[in-house]
**Q** 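Pasting a structure below so you can have a look.
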Amino acid sequence: MRVIAGKYRGRKLKSPPSLQTRPTSDRLRETLFNILAPRINGARFLDLCAGSGAVGIEALSRGAAHVAFVDRSRKMYALIETNLKTLKVDEDEIEIVSKEVLEFLRKRATQEAVPFDMIFFDPPYAMDYETVLDYVGEHATRVLAEDGVVIVEHHRKKDLKEEFGALRRHRMLKQGDSCLSFYRTDTK
């Protein structure tokens, strides 16, 4: 696994040791960031179910101002830490949290924290996506910036709803067995 573009371009990242964690492919990451390119510079990015941290690291490499990495696994936490230390990422640019996604979001929603411009959610394909997306949609004003976007990576056979609370899907991209669904707040 490698960083595709930006200031860390070409740098290798350590991968998860087991196949239980499914990293986002280089090709899909490249497609994702080609879409996000106009908005990534200076953005606050949240990488949920971060795994190796490759997506969040790609965001930093391409100019995101701050990335929060959230994964419930202590092993993944350590792997993210290792990858960030190898790249010598400034600690002011990152936050690494070992918690369940919903627990992190609930705590974040009760704080007066700056909302994220982008939330990337790539859970294990067998996970219940809807509970997390319902929560984000219900608390969008607290966790997502006004013009923010939520990107969900899921299996192409997994049908996600068009709407989750205030979130409405505005784009879906299929690549191989994976799919990216893009949601933003409904401004109607």
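Bear in mind the structure is a predicted one, so any value in this text is a computation, not a measurement.
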**Q** Evaluate side chain to side chain contact (heavy atoms under 4.5 Å, CB included) for Ile94 paired with Phe69, printing each intermediate quantity in order.
**A** CA-CA 8 Å; Ile94 57 170; Phe69 300 87; 3.9 Å; yes

**Q** Can you confirm whether Gln111 is buried at CD, in the sense that more than 12 heavy atoms of other residues, nucleotides or ligands lie under 6.0 Å from that atom?
**A**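 Yes - once you tally the heavy atoms of other residues, nucleotides and ligands closer than 6.0 Å, there are more than 12.
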
**Q** Determine yes or no for a side-chain-to-main-chain donor-acceptor pair under 3.5 angstrom, with Asp177 supplying the side chain and His155 the backbone.
**A**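 Flag not set: sc Asp177 to bb His155 has no pair under 3.5 Å.
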
**Q** Would you say the side chain of Leu87 lies within less than 4.5 Å of the side chain of Lys7, judging by non-hydrogen atoms?
**A**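 Lys7 does not reach Leu87 side chain to side chain.
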
**Q** Out of curiosity, does Val97 fall in the hydrophobic cluster containing Tyr135 (side-chain heavy atoms, cut-off under 4.5 Å, transitive links)?
**A**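 Yes, Tyr135 and Val97 fall within the same hydrophobic cluster.
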
**Q** Please report the C-alpha distance between Ile4 and Phe33 in whole Å, then the side-chain angles of each, then the deciding distance to 0.1 Å, and finally whether the side chain to side chain contact (heavy atoms under 4.5 Å, CB included) criterion is met.
**A** CA-CA 10 Å; Ile4 298 162; Phe33 283 98; over 6 Å; no

**Q** One pair to check against side chain to side chain contact (heavy atoms under 4.5 Å, CB included): Leu48 and Phe104. What are the steps and the verdict?
**A** CA-CA 9 Å; Leu48 293 174; Phe104 172 82; 4.3 Å; yes

**Q** Look up atom OG in Ser73 and atom CD in Glu100, then write down how far apart they are to the nearest 0.5 Å.
**A**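 The OG atom of Ser73 sits 10.5 Å away from the CD atom of Glu100.
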
**Q** Looking at every non-hydrogen atom in both residues, tell me the closest pair between Tyr8 and Ile57 and how far apart they are.
**A**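 For Tyr8 versus Ile57, the nearest heavy atoms are CD1-O, 4.5 Å.
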
**Q** Quick check: closest heavy atoms across Leu60 and Glu93, and the distance to 0.1 Å?
**A**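 For Leu60 versus Glu93, the nearest heavy atoms are CD2-OE1, 3.6 Å.
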
**Q** Below 4.5 Å, heavy atoms only, C-beta onward: do Leu46 and Val143 meet side chain to side chain?
**A**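 Sidechains of Val143 and Leu46: no contact.
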
**Q** When you compare the side chain of Phe116 with that of Val150, does any pair of heavy atoms fall below 4.5 Å?
**A**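 When only atoms from C-beta onward are counted, Phe116 and Val150 do not touch, as no gap falls below 4.5 Å.
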
**Q** Using a 4.5 Å cut-off on heavy atoms from C-beta on, say whether the side chain of Asp122 contacts that of Val55.
**A**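 Answer no - side chains too far apart.
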
**Q** Kindly check if the number of other-residue, nucleotide or ligand heavy atoms within 6.0 Å of CZ (Arg72) is above 12?
**A**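 Atom CZ in Arg72 is not packed in, count stays at 12 or less.
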
**Q** Tell me which donor-acceptor pairs under 3.5 Å the side chains of residues 78-86 have, and how far apart each pair is, sequence neighbours excluded?
**A**
| from | atom 1 | to | atom 2 | distance (Å) |
| --- | --- | --- | --- | --- |
| Thr82 | OG1 | Ala78 | O | 2.9 |
| Asn83 | OD1 | Lys14 | N | 2.7 |
| Asn83 | ND2 | Lys14 | O | 3.2 |
| Asn83 | ND2 | Ser52 | O | 3.1 |
| Thr86 | OG1 | Thr82 | O | 2.8 |

**Q** Provide the closest heavy-atom pair for Met1 versus Ser15 in the form atom of the first, atom of the second, distance.
**A**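 In this case the closest contact between Met1 and Ser15 is CE-OG, 3.5 Å.
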
**Q** Please indicate whether Arg184 has more than 12 foreign heavy atoms, meaning atoms of other residues, nucleotides or ligands, lying under 6.0 Å from its CZ.
**A**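 Incorrect, the count does not exceed 12.
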
**Q** Hey, could you give me the OG1/CZ distance between Thr110 and Arg106, rounded to the nearest 0.5 Å?
**A**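 Going from OG1 on Thr110 over to CZ on Arg106, the span is 11.0 Å.
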
**Q** Tell me if the CZ atom of Arg108 is crowded by more than 12 foreign heavy atoms within 6.0 Å.
**A**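 Atom CZ in Arg108 is packed in, count exceeds 12.
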
**Q** Does Leu36 reach the side chain of Ile151, with side-chain heavy atoms less than 4.5 Å apart?
**A**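 Counting from C-beta outward, Leu36 and Ile151 do come under 4.5 Å.
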
**Q** Kindly indicate whether the side chain of Ile35, heavy atoms from C-beta on, has any atom under 4.5 Å from the side chain of Phe182.
**A**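 Side-chain contact under 4.5 Å: yes.
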
**Q** Would you mind telling me which of Arg29, Arg9, Arg2 makes a side chain to side chain donor-acceptor pair (under 3.5 Å) with Glu58?
**A**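 Among the candidates, only Arg29 passes.
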
**Q** What's the spacing between Thr185 OG1 and His170 NE2 if we round to 0.5 Å?
**A**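 Between atom OG1 of Thr185 and atom NE2 of His170 there are 9.5 Å.
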
**Q** Could you tell me if the side chain of Arg171 sits less than 4.5 Å from the side chain of Leu180, heavy atoms only?
**A**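 SC-SC contact between Leu180 and Arg171 ruled out.
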
**Q** Please name the pair of heavy atoms, one in Leu28 and one in Ser178, separated by the smallest distance, quoted to 0.1 Å.
**A**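 Scanning both residues completely, I find the closest heavy atoms to be CD2-CB, 3.7 Å.
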
**Q** What are the two closest non-hydrogen atoms of Ala65 and Gly42, and how far apart are they?
**A**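 Scanning both residues completely, I find the closest heavy atoms to be CB-O, 3.5 Å.
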
**Q** Between CG of Asp159 and CE of Met172, what distance do you get to the nearest 0.5 Å?
**A**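 Output value for this atom pair is 7.5 Å.
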
**Q** Side chain to side chain contact (heavy atoms under 4.5 Å, CB included) for Lys158 and Cys179? Distances and angles first, verdict last.
**A** CA-CA 9 Å; Lys158 171 89 173 166; Cys179 195; over 6 Å; no

**Q** Within a strict 4.5 Å, meaning less than it, do heavy atoms of the Leu160 and Tyr183 side chains meet?
**A**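 Yes, side chains in contact.
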
**Q** Quick one: pull up CZ in Arg11 and NZ in Lys88 and give me the separation to the nearest 0.5 Å.
**A**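 It is 6.5 Å, given to the nearest 0.5 Å.
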
**Q** Are the side chain of Arg39 and the backbone of Asp147 linked by a donor-acceptor contact shorter than 3.5 Å?
**A**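 A pair under 3.5 Å: yes.
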
**Q** Quick one: does Ser61's side chain have a donor or acceptor within less than 3.5 Å of a partner on Ala5's backbone?
**A**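 Side chain of Ser61 to backbone of Ala5: a pair is present.
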
**Q** Which pair of heavy atoms, one from Cys49 and one from Pro124, lies closest together, and at what distance?
**A**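 Of all heavy-atom pairs spanning Cys49 and Pro124, the closest is SG-CD, 4.5 Å.
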
**Q** Return yes if some donor-acceptor pair links the side-chain N/O of Asp71 with the main-chain N/O of Gly51 below 3.5 Å, else return no.
**A**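 Pair found, side chain donor or acceptor close to backbone of Gly51.
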
**Q** About how many Å separate CG of Asp134 and CG of Leu102, when rounded to the nearest 0.5 Å?
**A**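 Answer rounded to 0.5 Å: 9.5 Å.
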
